[in-house]
Structures are given as structure tokens and as C-alpha cells.
There are 2 protein chains.
Amino acid sequence: MPARRTARERVRAEITREITDIARAQLASDGAAALSLRAVARDMGMVSSGIYRYFASRDELLTALIIDGYNAIGEAVENADAACRRDDYPGRWRAACRAARAWAVAHPHEYALIYGSPVPGYQAPPDTIGPAARSAAVFGRLISDAFAAGGLIPLPGRSPVPNGLAEDAGRLRDSVLPGVPDEVAIGMLTALSGVFGMISFELFGQFNNVVTDTAAYYDRGAADLARLIGLTA
Amino acid sequence: MPARRTARERVRAEITREITDIARAQLASDGAAALSLRAVARDMGMVSSGIYRYFASRDELLTALIIDGYNAIGEAVENADAACRRDDYPGRWRAACRAARAWAVAHPHEYALIYGSPVPGYQAPPDTIGPAARSAAVFGRLISDAFAAGGLIPLPGRSPVPNGLAEDAGRLRDSVLPGVPDEVAIGMLTALSGVFGMISFELFGQFNNVVTDTAAYYDRGAADLARLIGLTA
DNA sequence: TCCCGTGGAAGAGCGCTGCTCTTATTCGTG
DNA sequence: CACGAATAAGAGCAGCGCTCTTCCACGGGA
């Protein structure tokens with residue numbers, strides 16, 4: 001391939017971008033199931049079959065949007081964490097949690113696309129696993145930092161992590177949670193599931209008629225979950 | 001209306017049941033988005049427009065399946081709890097959590113329908129809120145029982161529940177958590193979000209390449225979450 | 001017992017979808 | 001300039017939800 005991008009390649013990249021932009025707009029306004037290649041094509045003034053020059057199928061377009069979504073929420077969480085004092089571990093946790101929820105509330109359909117029920121028949125390609133880990137990595141880093149600085153006070157009376165999970169904990173240590181003990185690594189999974197569980201419950205309507213001030217509740221819940229891994233405000 | 005059901009009413013009820021049965025089978029095998037009124041009609045050997053005599057729209061059929069799903073998981077959780085010794089509160093918690101996950105793993109598409117991203121354009125009708133609360137009610141009852149029996153040991157150093165949440169806590173007390181203090185009621189929400197968050201993460205693929213023995217991890221996570229409300233094994 | 005109204009079944013049809021294939025055109029490079 | 005590759009356009013297929021109209025059969029009141 002030429003180092004200099006040809007004009008054709010440039011226009012191709014531009015059209016590809018335009019397709020994903022319009023698709024994202026449709027996704028944001030009507031949700032994933034209502035996303036239609038034909039409607040995207042209409043919006044761009046091209047014929048529907050033309051889209052297939054750029055995306056082999058609807059699923060492939062969805063995959064592009066999924067990757068975008070993971071990157072967007074990951075970036076939001078990264079920025080929130082970066083704005084905190086490095087040694088304010090509870091503050092970093094709170095900021096990261098708030099950023100995740102804020103992004104989700106602002107982009108509910110994109111959140112549903114990446115953290116909701118998978119599109120049936122859709123198999124996540126490996127391209128998504130990198131971006132998917134981006135926000136988790138932020139949480140992992142701040143917990144590792146807190147542990148290294150002695151900022152984690154373990155809950156009393158915790159039973160040891162069962163054998164079958166030690167391997168998973170080791171893999172987590174190698175990727176996003178350097179240096180932490182098994183029970184912190186496994187606890188981190190539960191805290192993260194809890195954080196995204198709260199967001200999903202809110203966005204998917206499970207908290208309707210139950211929680212009124214969802215933002216206040218979320219802060220409280222996130223703080224409680226942080227205690228699971230010994231992070232106390 | 002006559003007390004004695006007419007023959008017409010009986011056959012109508014039977015056909016309605018057959019439609020939901022076939023629809024549930026399709027849902028189980030291919031997911032909600034692939035559920036098609038025409039396919040259901042084909043399976044029953046009737047013409048597609050005939051379905052509309054029994055369900056006004058695809059959404060209405062989905063609503064019936066959603067209610068069924070809530071009832072099914074609710075019943076599973078109820079049975080699991082009922083099989084435990086009444087005063088074994090950690091055991092009841094564990095059994096209820098395991099039942100919820102077991103049902104979800106056995107019926108992933110139905111789980112996705114009720115706890116995953118809502119079908120776009122679909123607004124949950126009020127008929128669903130009763131069944132939706134059924135499994136939560138089991139968790140609430142066992143926590144209330146545990147509290148009344150002095151079986152909850154609060155985590156140390158917990159800050160009081162903020163004012164905005166006291167009202168929500170009161171509503172929870174009146175419905176599914178009689179007698180418990182605010183912090184238990186709010187903690188219960190987080191524990192439940194966490195439990196279903198773990199299930200969703202597992203079913204929706206977020207734990208792929210992260211957790212291998214998901215059942216063992218789930219037990220551990222559920223136990224950790226129980227500690228949030230002071231329930232220790 | 002007849003009779004008519006109601007509930008149901010069937011079919012055609014509209015506009016939409018994803019996707020494929022064929023044909024025509026444009027564009028960049030050798 | 002000419003050729004080959006990339007793109008655009010259009011027709012078409014099968015399926016979808018949903019509507020409407022037509023027809024039939026059953027069953028309760030006269």
C-alpha cells in the first residue's frame with residue numbers, strides 16, 4: 001500500500017465516517033433495533049446497496065458503533081479520573097463512577113448497545129475486547145494505586161478466595177490490577193458489576209417508582225460498593 | 001358476562017395460550033428481536049393476520065412474555081427461599097441468589113427480555129410492575145426477617161443515608177422491607193443491583209475471557225454483596 | 001327449529017427491512 | 001490515452017408488522 005493515501009482512499013474514509021456518524025445519530029434517537037441501513041443511505045442521498053461497499057452487513061456497522069461506544073465511555077471515565085489528585089483514591093473512584101453514569105444517561109441507546117442484551121445472532125468480534133476493557137482499566141489502575149499506597153482497608157472477617165478463582169485473579173493482576181491480592185481482584189469484579197448493574201437498573205427502568213433521586217442514590221451505592229474492596233471515603 | 005365460560009371463550013383462551021407458548025419457544029431459541037408474529041402463525045398453521053384477533057400488536061405479545069418471565073424467575077426465587085430453614089438468613093440469601101442466576105442461565109433470552117435493554121419504542125405497561133417485584137420481594141422479606149431477628153451486623157463507619165433517599169427508603173419499607181432502617185433499605189437496592197449486574201455481565205458476555213468458573217465467582221460476589229447489608233455467612 | 005349477529009379465518013396488499021446481483025459509470029494509475 | 005479497479009445505481013427477493021375486506025360457521029334468542 002502507498003504511504004501517501006490516494007484521493008480514493010481519503011474519500012472512502014470520509015464516506016465511512018459519514019455513515020457511522022449518521023448511524024450513531026439514528027442509534028441515539030431511536031435505538032439499535034430501529035437502525036436501518038436504508039434509512040442511513042437515504043439520509044446520505046445514496047442508494048441502499050451502496051452502503052454495502054463500506055459495511056458488509058448491518059452487524060458490521062453495529063460493531064463499529066459498539067467500538068465507538070466503548071471508546072467513548074472509556075474516554076469519559078479516563079478524563080474524569082485524570083482530573084483528580086492522584087492520591088485521592090476515594091475521589092478518583094467517585095469521579096470515575098459518576099463519569100460512567102453521566103455518559104450512560106447522556107447516551108442511553110449507546111449504553112444499551114454495549115452493556116444491554118446482545119443483539120441476537122450477533123457475535124462480538126475480537127476487535128471489541130480492547131476498547132471494552134478501557135473503562136475497566138481505569139478502575140483497575142486506581143484500585144491498584146490505592147492498594148500500593150496502603151489506601152485499602154479490607155473488610156473484617158472475609159473468607160479467602162476459593163481456589164477456582166485464583167487463576168482469574170492472577171489474570172486480572174496481569175492485566176488491569178497489578179500487585180493486588182486475590183480478594184481485591186475478585187472484589188473489584190463485584191464492585192464493577194454493581195456499578196454497571198445500578199446504571200442498567202436505572203436506564204432500563206428497574207428503578208422506576210422505586211428510586212426518585214437516582215443521582216443521589218447512585219453516589220451512595222457506588223460508595224458502598226467501594227467498601228467491598230476496602231476503599232472508604 | 002356469564003359465570004359459566006362459553007365454549008367460545010374456552011377455545012379463545014386455549015388459542016391465546018398456544019400463541020404465547022409458541023412465542024416463548026421462539027423467544028428461547030432465537031431471542032426477542034427475532035420473534036415474528038408471522039412465524040408464530042406459521043407454526044400454528046394459521047394465517048398471520050389471525051394472530052391479531054388475540055394480540056393487538058407484537059408489543060402486546062411481548063408484554064405477555066415479559067410478565068411470564070417475571071413470574072417464572074419470581075417463582076424460582078420464591079421456591080428456593082421456601083426450601084430453606086426460616087432462620088438461616090445467609091442460606092436463604094445464597095439460595096435466592098443462586099436460583100435467580102440458575103433461571104437466567106437456563107433462560108438467557110427471557111432474562112435478556114426482562115433485565116436487558118428495553119425493546120425500543122416499547123413502554124412497559126403497568127401490568128408488569130406487580131410480577132416484576134416478585135423476586136425482589138423475596139429478597140426483601142428475608143432481609144427483613146434477618147433484621148428483625150438481629151441477624152444483620154452493620155458495616156462499621158457507614159455514613160447516614162442522605163435526606164433525599166429517606167423517602168425512597170420509606171417506600172421500600174412499606175412495600176418489601178418492613179421494619180428495616182434506611183441504610184438497610186438503600187443497601188438492599190445496591191446489593192440487588194449487584195446481583196443482577198453480575199448475572200447480566202455473565203450472560204451478556206462482559207465476563208468473557210475474564211471469569212472462567214462463573215458459578216464459583218457468582219457465589220463469592222453474592223456473599224460479598226450480602227455483607228453490604230450486614231448479612232454475613 | 002330457524003335466523004341473524006357476532007367472532008373468527010383467510011387472503012390480499014402496503015410499506016418497510018436486509019441483502020444480492022447485474023449493469024453502468026467514474027476515476028486513478030500505468 | 002487506455003485499461004482495470006472502485007463505485008454507484010437500480011431491480012429484485014424474501015421476510016417483516018400491520019390493515020382491510022371478504023367470507024364462513026357457530027350459537028343464543030325468537
Side-chain angles (χ1 to χ4, degrees), chain A residues 1-20 22-23 25-27 29-66 113 118-123, chain B residues 1-20 22-23 25-27 29-66 113 118-123:
Chain A
M1 67 174 99
R4 169 87 170 76
R5 298 198 318 168
T6 74
R8 223 174 209 159
E9 276 172 332
R10 251 183 296 124
V11 73
R12 180 179 180 84
E14 181 150 336
I15 291 185
T16 304
R17 226 187 81 81
E18 189 179 348
I19 292 176
T20 57
I22 293 181
Q26 289 199 1
L27 170 63
S29 72
D30 293 321
L35 192 156
S36 131
L37 286 185
R38 292 182 113 109
V40 172
R42 263 195 306 273
D43 274 20
M44 318 187 36
M46 83 192 295
V47 93
S48 75
S49 60
I51 301 279
Y52 289 86
R53 294 257 151 221
Y54 301 90
F55 293 92
S57 69
R58 184 176 178 275
D59 276 3
E60 200 168 281
L61 177 55
L62 272 183
T63 299
L65 295 179
I66 287 174
L113 182 62
V119 183
Y122 173 82
Q123 192 64 285
Chain B
M1 70 176 94
R4 171 86 169 75
R5 299 197 317 169
T6 74
R8 229 175 206 159
E9 275 172 332
R10 250 184 295 125
V11 72
R12 179 178 182 86
E14 182 150 336
I15 292 185
T16 304
R17 227 187 79 82
E18 190 180 348
I19 292 176
T20 57
I22 294 182
Q26 288 199 1
L27 170 64
S29 72
D30 293 321
L35 192 157
S36 130
L37 286 185
R38 291 181 115 111
V40 172
R42 260 195 309 274
D43 274 18
M44 323 188 30
M46 85 193 294
V47 92
S48 75
S49 59
I51 302 279
Y52 289 86
R53 293 255 155 223
Y54 301 88
F55 292 93
S57 69
R58 184 175 178 275
D59 276 3
E60 201 169 278
L61 177 55
L62 273 182
T63 299
L65 295 179
I66 288 175
L113 181 63
V119 184
Y122 173 83
Q123 192 63 285

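In this text, all values refer to a predicted model and were calculated from it rather than measured experimentally. To find a chain, count down the sequence lines: A is the first, B the second, and so on, and within it residues start at 1.
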Out of curiosity, A/Ile19 CD1 to A/Glu14 CD, how far, rounded to the nearest 0.5 Å? 11.5 Å
Can you tell me how far apart OG1 (A/Thr63) and CZ (A/Arg58) are? Round to the nearest 0.5 Å.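 Here the rounded value is 11.0 Å.
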Rounded to the nearest Å, what distance is computed from the [atom1] atom of residue [X] to the [atom2] atom of nucleotide [N]?
X	N	atom1	atom2	answer
A/Leu37	C/dT20	CG	P	11 Å
B/Arg42	D/dA14	CZ	C1'	10 Å
A/Glu18	D/dA8	CD	P	11 Å
A/Met46	C/dT26	CE	P	15 Å
B/Arg10	C/dG8	CZ	C1'	17 Å
B/Tyr52	C/dG11	OH	P	17 Å
A/Asp59	C/dG18	CG	C1'	10 Å
B/Ile51	C/dA10	CD1	C1'	13 Å

Regarding A/Leu35, tell me which of base, sugar-phosphate or nothing describes its non-hydrogen contacts under 4.0 Å with the strands shown.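 Sugar-phosphate: the residue A/Leu35, judged by heavy atoms under 4.0 Å, touches backbone atoms but no base.
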Answer with base, sugar-phosphate or nothing: what part of the nucleic acid does B/Ser57 contact at a heavy-atom distance below 4.0 Å?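 Sugar-phosphate: the residue B/Ser57, judged by heavy atoms under 4.0 Å, touches backbone atoms but no base.
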If you take all heavy atoms of B/Ala23 and B/Leu35, which pair is closest and at what distance?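 Heavy atoms of B/Ala23 and B/Leu35 come nearest at O-CD1, 3.7 Å.
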Mind listing the closest non-hydrogen atom pair of A/Ala64 and A/Thr20 along with its distance?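 Minimum heavy-atom separation between A/Ala64 and A/Thr20: CB-CG2, 4.3 Å.
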D/dA6 phosphate, OP1 or OP2, under 4.0 Å from A/Tyr54 side-chain N/O: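 No, because none of the side-chain N or O atoms of A/Tyr54 sits under 4.0 Å from OP1 or OP2 of D/dA6.
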Has A/Arg12 got a side-chain N or O lying under 4.0 Å from the OP1 or OP2 atom of C/dC27? no
So if I take every side-chain heavy atom of [X] and compare against [options], which nucleotide ends up nearest?
X	options	result
B/Ser36	C/dC19, D/dC16, D/dC18	D/dC16
B/Arg58	D/dC18, D/dC16, C/dG18	D/dC18
A/Ser49	C/dC19, C/dG11, D/dA9	D/dA9

Ignoring hydrogens and angles, write down the donor-acceptor pairs under 3.5 Å from the side chains of residues 39-56 of chain A, residues two or more places apart or on other chains.
none

Considering only heavy atoms and no angle criterion, is a donor-acceptor pair shorter than 3.5 Å present between the side chain of A/Arg38 and the base of C/dG18?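 Side chain to base: pair present.
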Ignoring hydrogens and angles, are the base of C/dG7 and the side chain of B/Arg53 linked by a donor-acceptor pair under 3.5 Å?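 No pair found.
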